Amino acid sequence: MISELNRYQAFRIYQVIFVAIVILTSAALLFSYSSLNEYTVDILNKDRATLYTTDTSGHHVQARRDNHRVILTCNVSKTDQQVLCGFGLLFPLQPEQDQVMSFEHIDHLNINAIATSDAPEFNQRVRLVVKGLFHPDAWPTYQNADIKFHAVRFRATGEKNVPLERFKVETWWEDLYNISYEEASKDFSKIVSLELYVNDIPILHPGNYQIVVSQLDAKGYYLNSKDLNRLLAYIWQITIGVFVVFYLWVKNNLLKKVRRQAHYETGSDVLNYNGFLQEQVKFYGKPATLYLIKILNWQNLTKHFGPDVAYRLVKETNEDVLKYLDHSQCIYARLNNEEMALLTSNRFDEITEQHLAAHFLAGKDIHGIGHLRLEIKIGITEEAHSNIDPSGSINRARHAIESIRGSHQTLQLFNREIHAAAEQSTAIESYIRDSLTDQLFYLVFMPIFDIRKNRITGAEALIRSRHTHLKEISPEIYIPIAEKTGLIREIDFFVIEQCLILLNQTRLPDDFVLSINISAKELLDSSFTELFQSRLTASGIAANRICLEITETFFVDINQQCAETINKLRQMGCKVSLDDFGTGYTSFNQLVKIMVDEIKIDRSFVSRIYESGNLTIIESMITIAHAYGYQVVAEGVEHQEQLEILHQKGCRFYQGYLISKPVSLEEIYYLDQRLCTEVISFAQEEEQRQPYAEAID
Ligand code: C2E
Ligand code: MG
Ligand code: MG
């Protein structure tokens with residue numbers, strides 16, 4: 001397996017090679033078309049070749065050099081085969097230096113020749129002959145038969161560019177020596193001499209002939225464009241070939257990587273949700289068991305130790321679990337931060353299930369931090385026929401987890417009762433939606449009695465629904481469902497708006513405080529305060545007439561955001577009450593950190609006030625609250641005796657059926673009137689009160 005780094009390096013190297021090839025190609029092409037690529041051999045140079053005449057008849061044929069020119073004159077008196085009016089340039093053979101004139105790399109000849117004659121009808125045509133060695137091994141000694149004749153004809157009227165490719169092997173020579181087709185190819189590798197004649201053999205008319213050659217240059221290129229093009233074609237074929245192979249290789253690797261990233265947790269062999277969806281198809285239509293493992297303390301772990309540590313703990317735990325599992329029988333995946341899924345064809349036996357749970361619960365030593373543990377619950381669902389979409393199974397397993405009540409229970413199988421509860425929860429959700437859309441929610445109020453003033457000084461708003469089914473169900477059941485499904489925000493603002501309207505409509509004293517239950521989830525949402533304030537301002541109700549009740553259990557997980565929201569609400573002038581106090585785990589420490597105005601002793605304490613020990617707990621709750629300067633309200637006061645005991649222990653505010661069942665605000669006004677006029681009374685006789693109660697108020 002080639003590592004990421006190697007692939008990257010290979011790619012970099014390829015890039016460098018590619019750029020180098022582009023540069024070299026451009027440079028070679030530029031050079032090939034520039035004058036630097038040309039070279040010239042001056043053939044007329046007297047040091048290079050020996051001048052001779054070609055005449056064999058003894059006629060007057062003369063060739064002479066005149067500075068850089070060669071001047072040929074022929075005085076032809078009779079016309080026969082022997083008369084060859086021409087001259088030759090013989091190149092020296094230097095066998096010891098292994099040197100010979102070669103036109104192999106010559107492209108063309110530049111010749112400046114002018115042929116003149118007083119003979120009639122002279123057409124100035126000349127014949128330029130390049131004599132090369134036919135048998136290369138005949139060199140340096142050779143016979144006439146070893147010489148190959150290449151010739152070209154043209155009119156000698158001045159400057160001419162004669163490409164070498166225009167030369168032809170003379171056919172008379174081929175005929176003379178019976179040269180085969182294969183042997184008749186041009187060969188300019190060993191040039192013996194170069195001759196220039198008046199073209200006609202024999203010369204047609206007697207007369208004086210002259211050829212003046214002022215330039216005879218062989219022009220060649222260091223870089224032959226044909227060779228260069230061929231070379232570049234090869235190089236580019238290879239480059240493109242390598243590029244295609246490289247591209248396919250990188251693409252293939254990338255695809256593999258992307259597929260892995262898409263299906264696996266980063267840096268781990270554990271599948272992610274997509275991978276789970278992909279793999280679980282194998283179980284389609286077959287019986288299977290899904291174990292859904294829910295991490296309960298994920299939020300706490302990330303909050304206290306940071307996401308990296310939490311992620312590491314889960315990753316290492318998952319790696320342990322992976323080793324423990326038989327992969328041919330099951331698939332294991334992390335669905336999200338807080339949930340893992342294990343799908344097996346057969347349900348494990350009880351011992352294996354306990355072992356599985358133990359793997360999660362064992363914890364891990366995290367370097368620099370210590371031993372950290374996961375708190376988990378496992379929901380199990382057995383499916384007779386696995387569905388292509390696992391969301392149903394996952395939801396069933398989630399319901400099984402939600403049904404676990406005791407902290408010691410870790411595993412729960414989804415069963416008929418859980419199914420019924422889950423169905424009820426779904427039904428309740430739809431009742432809530434209907435109640436919201438059809439405006440079936442309304443409010444009732446429980447008066448709060450101030451024993452010191454002997455007046456109703458406040459009331460708690462409680463939600464009710466006129467919905468056929470929902471009206472039978474306690475908000476204690478459906479409020480948590482609204483919280484889970486996100487409907488709570490709409491409910492909370494319906495209640496807030498209703499309370500503000502009713503407060504404005506009802507004749508109640510200016511210091512009458514209305515307590516509104518809000519979901520603790522609102523504290524996590526920074527927009528809540530602004531929205532609440534805008535409603536409050538629009539209503540014109542003073543902030544100190546509103547008390548927001550938050551359930552105490554939530555305070556276990558209080559964070560900076562919640563504390564800020566509470567502080568902002570109090571700064572606005574609102575009161576904040578800690579509802580159901582005693583049922584949660586609020587530490588003294590948290591009580592100091594998060595300042596509130598009031599605590600409400602949960603009615604479970606009040607109803608068991610006669611049980612041994614309970615009174616002591618109530619007493620200490622009151623003492624603690626008063627120590628922090630918080631007002632104390634006792635909830636669920638149903639009997640006069642309960643009120644009297646609580647009064648003795650210093651409690652000032654009371655709420656419960658003894659005072660009134662939930663009623664309208666108007667009725668609360670009349671209740672207060674009756675208290676004022678002493679038609680009714682809840683208070684003890686003045687002289688029976690404990691002095692302590694007086695002292696703290
Ligand atoms: P909570 O805020 O602790 O409200 C007190 C609950 O105790 C009310 O039940 C009330 O009817 C009941 N209660 C009060 N005194 C007595 C008594 O002497 N005896 C008995 N047996 N019960 C008494 P309810 O109305 O069923 O509300 C239950 C819970 O639902 C509330 O507990 C509160 O947490 C939630 N809730 C109620 N209304 C709202 C609301 O408008 N918004 C939100 N967010 N939650 C609400
Ligand atoms: Mg309440
Ligand atoms: Mg309560």
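All figures in this text were calculated on a predicted structure; none of them were measured in a lab. For ligands, and for the atoms within them, numbers begin at 1 and follow the listed sequence. Numbering of residues begins at 1 and proceeds along the displayed sequence.
Heavy atoms from other residues, nucleotides or ligands lying under 6.0 Å from CD of Q498 number more than 12. Within 6.0 Å of the CD atom in Q533, the count of heavy atoms belonging to other residues, nucleotides or ligands does not exceed 12.
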Please lay out, stage by stage, how L500 and I546 fare under the test side-chain contact (heavy atoms from CB on, under 4.5 Å). CA-CA 9 Å; L500 295 172; I546 301 293; 3.9 Å; yes
**OP:** Apply side-chain contact (heavy atoms from CB on, under 4.5 Å) to F305 and N300, showing your working.
**Re:** CA-CA 8 Å; F305 304 105; N300 269 343; over 6 Å; no
| Verdict with supporting geometry, L443 and L462, side-chain contact (heavy atoms from CB on, under 4.5 Å) | CA-CA 6 Å; L443 296 181; L462 296 168; over 6 Å; no
Give the C-alpha distance, both sets of side-chain angles, the deciding distance and a yes or no for side-chain contact (heavy atoms from CB on, under 4.5 Å) between N272 and R334.
CA-CA 5 Å; N272 60 18; R334 187 170 182 193; 6.0 Å; no
Inset, instruction - Please assess E598 against S577 for the test side chain to side chain donor-acceptor pair (under 3.5 Å), listing each intermediate value before the final yes or no. - result: CA-CA 4 Å; E598 175 186 281; S577 173; 2.7 Å; yes
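Closer than 4.0 Å to atom 9 (O) of ligand 1 lies none of the heavy atoms of the protein. When distances from atom 14 (C) of ligand 1 to the protein are checked, a heavy atom turns up under 4.0 Å. Put simply, atom 3 (O) of ligand 1 has protein non-hydrogen atoms near it, under 4.0 Å away.
Assignment of K661 to the shell around ligand 1 is not supported, since no heavy atom sits closer than 4.0 Å.
Heavy atoms of I463 found under 4.0 angstrom from ligand 1 belong to the backbone as well as the side chain. Neither the backbone nor the side chain of L443 comes within contact range of ligand 1; no heavy atom lies under 4.0 Å. Here D579 has side-chain heavy atoms under 4.0 Å from ligand 1, and that is the only part of it that gets that close. At a heavy-atom cutoff of 4.0 Å, ligand 1 is contacted by both the backbone and the side chain of N517. If you look at D580 next to ligand 1, the close heavy atoms, those under 4.0 Å, all belong to the side chain.
Applying the 4.0 Å criterion to heavy atoms of L462 picks out, from ligand 1, the atoms 4 (O), 8 (C), 10 (C), 11 (O), 25 (O), 37 (C), 38 (N). Taking every heavy atom of E635 and a limit of under 4.0 angstrom, the matching atoms of ligand 1 come to 1 (P), 3 (O), 5 (C). Those atoms of ligand 1 that come under 4.0 Å of a heavy atom in V495, given as number and element, are 41 (O). Within ligand 1, the atoms closer than 4.0 Å to a non-hydrogen atom of G656 are 15 (N), 18 (O), numbered from 1 in the order shown. In the vicinity of S474, heavy-atom distances shorter than 4.0 Å reach the ligand 1 atoms 26 (O). Close contacts between ligand 1 and R464 involve ligand atoms 11 (O), 25 (O) [criterion: under 4.0 Å to a heavy atom]. Counting atoms of ligand 1 from 1 in the listed order, those under 4.0 Å from a heavy atom of G636 are 15 (N), 16 (C), 17 (C), 18 (O).
Residue R603 holds the heavy atom nearest to atom 6 (C) of ligand 1 of all those in R603, M446, Q498.
Taking the ring axis of Y442 as reference, the NZ or CZ atom of R466 stays within 45° of it and closer than 6.0 Å to the ring centre.
Any protein N/O/S atom under 2.8 Å from the Mg ion (ligand 2) was counted, giving 4 altogether.
Tested against F449, the residues T457, L658, L675, L671 include a single side chain to side chain contact (heavy atoms under 4.5 Å, CB included) partner, L675.
For the ring-ring contact (aromatic ring centres under 6.0 Å, His included) condition, the pairs that include at least one residue of residues 408-431, sequence neighbours left out, are F414-H419, Y431-H467, Y431-H469. Residue pairs meeting the salt bridge (charged side-chain N to carboxylate O under 4.0 Å, His left out) criterion with at least one member in residues 384-393, sequence neighbours excluded, do not occur. For residues 473-497, every residue pair satisfying the ring-ring contact (aromatic ring centres under 6.0 Å, His included) rule, not counting sequence neighbours, is listed here: F493-F528.
Taking 4.5 Å as the limit, some side-chain heavy atom of I463 sits within range of a side-chain heavy atom of I491. Side-chain contact between R570 and M595 is present, with at least one heavy-atom pair separated by less than 4.5 Å.
For F512 and Y669, the ring centers are positioned 6.0 Å apart or more.
If you check which protein heavy atom lies closest to atom 30 (O) of ligand 1, you get P475 CB, 3.5 Å. The nearest protein atom to atom 19 (N) of ligand 1, hydrogens excluded, is given as E638 OE2, 2.5 Å; this is a heavy-atom distance. At the top of the distance list for atom 18 (O) of ligand 1, counting protein heavy atoms only, stands Y657 N, 2.9 Å. The protein atom (non-hydrogen) at minimum distance from atom 28 (C) of ligand 1 is E476 N, 3.8 Å.
For ligand 1, none of its N or O atoms has an N or O atom of Q655 under 3.5 Å away. Where the criterion is an N or O separation shorter than 3.5 Å, residue side chain and backbone included, E460 meets it with respect to ligand 1.
Under 4.0 Å is where a charged nitrogen must lie from a carboxylate oxygen, and between E522 and R489 at least one such pair does.
In this structure, a donor-acceptor pair under 3.5 Å is absent between the side chains of T426 and E423.
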